[in-house]
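To start, the structure under review is shown below, and the notes come after it.
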Amino acid sequence: MDVQRTVGVAQDIVAITLAAVVPFADLRGLKRLKEFSSSTARLAIYRKIVTSTSLATVIVLALTSFTTLFWVAPRAGEAFWLFHNRIAHYAAAVCVTTFFLLALWPGIKCAFNPSVRLRYRKAMPSLVFMMPVTTSERLWWALVSVTAGVCEELLYRGFLLQYLRGHLYGGPALGITLAWLLSSLAFGCGHIYQGATGVVRTMIAGLMLGLLAILTGNLLVPIVVHCVLDLQILLMYHPIKDAPEEASALISGFCPQNP
């Protein structure tokens, strides 16, 4: 019992950290990157993201188990509105499928027609400070994408959802629906460095990834989709090929607010 209580307290601390500390953990460093972004600075941020996210996932796995986090299928009586209402179930499936097809369409389009990359570059100026430019950055971005896809799903759709749901030693027993909503809100707040629009956009993506996990019963498909969503940036953004002069400034250093 003492061991369970200790683990429960540790799970409480991790959950509070994910929800209330992580969103503000490196705002100062990201603010500096927004003020002056260079290849060296971006690589440093990528390394920090991979290291910190991986470490958090290792801690969570030490306090639970991979199986507990991976399998999130509703139990009897949970998500009654979704699994005992055929219309709601099919509507949710169509909504999730449509959302991710639309989210992946830019990457698909750029893969077959690279000339449209500049159009998408102009549509996301607020994120240029984080985007990969050099070959080294692009390789690290791929690692960041896979790390985020695996670790963030285990942290938010796995640990935090199960914690709020009441399936761990610590945490309230809010049920899977409220746990899904709150864990998605925490996921959105974890991207506060992207501004209010980024928080809302990421929260919606979190809701869709969470619903996908609930519908499929596990995190496999959400992990794959999350990885692909982040990796598609490599198809959508390649300034060395599309705008060499701009790429030179991006590598040596520039102020994203005045690119």
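Atom CG of Leu102 sits in a crowded spot, with more than 12 heavy atoms from other residues, nucleotides or ligands closer than 6.0 Å. Remark: Arg47 CZ is packed, more than 12 non-hydrogen atoms of other residues, nucleotides or ligands lying under 6.0 Å away. Atom CH2 of Trp105 sits in a sparse spot, with 12 or fewer heavy atoms from other residues, nucleotides or ligands closer than 6.0 Å.
Between the CG atom in Asp2 and the OG1 atom in Thr6 there is a gap of 6.5 Å [rounded to 0.5 Å]. Between the CZ atom in Arg165 and the CZ atom in Phe159 there is a gap of 14.0 Å [rounded to 0.5 Å]. In this structure, the separation between CD1 on Ile192 and OG1 on Thr202 is 11.0 Å, given to the nearest 0.5 Å.
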> Given the rule in the side-chain contact (heavy atoms from CB on, under 4.5 Å) test, do Ile240 and Thr135 qualify, once you have shown the distances and angles that lead to the verdict?
Replying inline: CA-CA 9 Å; Ile240 287 181; Thr135 300; 5.7 Å; no
>> Apply side-chain contact (heavy atoms from CB on, under 4.5 Å) to residues Glu152 and Leu209 and explain how you reach the verdict.
In response: CA-CA 11 Å; Glu152 287 185 351; Leu209 287 165; over 6 Å; no
> Is there a side-chain contact (heavy atoms from CB on, under 4.5 Å) between Leu178 and Leu164 once you walk through the steps?
Replying inline: CA-CA 8 Å; Leu178 192 51; Leu164 294 170; over 6 Å; no
> After noting the C-alpha distance and the side-chain angles of Leu27 and Tyr193, does the key distance pass the side-chain contact (heavy atoms from CB on, under 4.5 Å) rule?
Replying inline: CA-CA 6 Å; Leu27 278 183; Tyr193 65 90; 4.0 Å; yes
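Between Ala79 and Thr177, the closest heavy-atom pair is CA-OG1, 4.0 Å. Listed here is the closest heavy atom pair of Phe36 and Ser252: CZ-O, 4.2 Å. Between Ala103 and Gln232, the closest heavy-atom pair is O-NE2, 2.9 Å. Taking all atoms of both residues into account, the shortest heavy-atom contact from Ile49 to Ser52 is O-OG, 3.4 Å. Closest non-hydrogen pair, Ala92 versus Leu82, comes out as CB-CD1, 3.6 Å.
A heavy-atom distance below 4.5 Å is found between the side chains of Leu174 and Leu182. Phe100 is not listed as a side-chain neighbour of Val228, based on a closest heavy-atom distance of 4.5 Å or more. Residues Phe70 and Thr67 are not in side-chain contact: their nearest non-hydrogen atoms beyond the backbone lie 4.5 Å or more apart. Val72 has its side chain out of reach of Arg157: every pair of non-hydrogen atoms, C-beta onward, lies at least 4.5 Å apart. Residues Phe80 and Asn85 fail the side-chain proximity criterion, which asks for heavy atoms closer than 4.5 Å.
Residues Leu18 and Ile16 are members of separate hydrophobic clusters, defined by side-chain heavy-atom contacts under 4.5 angstrom among Ile, Leu, Val, Met, Phe, Trp and Tyr. A single hydrophobic cluster is seen to contain both Leu161 and Trp81, as judged by linkage of ILVMFWY side chains at heavy-atom distances under 4.5 Å, directly or through other members. Note on Leu211: it clusters hydrophobically with Ile176, by side-chain heavy-atom contacts below 4.5 Å among ILVMFWY residues. Transitive grouping of hydrophobic side chains (ILVMFWY, heavy atoms separated by less than 4.5 Å) brings Met131 and Ile251 into a common cluster.
No option in Trp180, Phe99, Phe187 other than Trp180 meets the side-chain contact (heavy atoms from CB on, under 4.5 Å) test with Leu207.
Side-chain atoms of Glu137 and Ser39 form a donor-acceptor pair, as typed in the model, at a separation below 3.5 Å.
Arg138 places a side-chain N or O within 3.5 Å of a backbone atom of Leu234 that can act as its donor or acceptor partner. Judged purely by atom type and a 3.5 angstrom limit, Ser37 uses its side chain to pair as donor or acceptor with the backbone of Phe129. Side chain of Trp141 to main chain of Asp230: a donor-acceptor pair is present (N/O by atom type, distance under 3.5 Å, no hydrogens or angles).
Taking 4.0 Å as the cut-off between side-chain N and carboxylate O, Asp242 and Arg121 do not count as a salt-bridged pair.
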